[in-house]
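See structure below.
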Amino acid sequence: MSIADICTERPTGRERQVLELLAAGHLDESIARQLNISIRTCRRIIASLMDRLEARSRFQAGVIAAARGWMDAPAPHPPREMISTVGRKGISFNR
């Protein structure tokens, strides 16, 4: 298998799940909890994906993965854990 094959190889099911949760705005801890994997495993999957995609950031990895058709469109709303309040002035996000 050549390096070109590795770079264009489609993600595994687990990698795709991680990508989609990242795209939806979830943090490592949340992804690990939802997929029932350790935080360390989650971070290794993310690092591997970023390496394969030659991405410098998680955002860039998501853009490249989406452009390659590796995942569905991200969720239209941020996950509840990121929202602290919803009021007349709009949504306030946790940082």
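As a basis for the values below, the full set of heavy atoms in this structure was taken, side chains included, without hydrogen atoms, waters or symmetry mates. Numbers here simply count residues along the sequence, with the first being 1.
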Would you compute the distance between atom CH2 of W70 and atom CZ of R52 and round it to the nearest 0.5 angstrom? 4.0 Å
Taking all heavy atoms of M50 and all of A61, pick out the closest pair and write down the distance. CG-CB, 4.0 Å
Calculate, to the nearest 0.5 Å, the distance between atoms CG and CD belonging to L22 and E15 respectively. 11.5 Å
Separation between CG (L19) and CG (L53), nearest 0.5 Å, reads 7.0 Å
In the structure I gave you, are the side-chain heavy atoms of Q60 and E54 within less than 4.5 Å of one another anywhere? no
Residue list, salt bridge (charged side-chain N to carboxylate O under 4.0 Å, His left out) with R14, at least two apart or on another chain: none
Between R16 and R10, does the side chain to side chain contact (heavy atoms under 4.5 Å, CB included) criterion hold? Intermediate values first, please. CA-CA 9 Å; R16 185 179 167 113; R10 305 238 354 128; 4.1 Å; yes
Would you check if L27 and R33 make a side-chain contact, meaning some heavy-atom pair closer than 4.5 Å? no
Quick check for you: to the nearest 0.5 Å, what is the distance between I37 atom CD1 and D28 atom CG? 9.5 Å
In this structure, CG of L21 is separated from CD1 of I46 (nearest 0.5 Å) by 9.5 Å
Within this structure, what is the CD-SG distance for the pair Q17 and C42, rounded to the nearest 0.5 Å? 11.0 Å
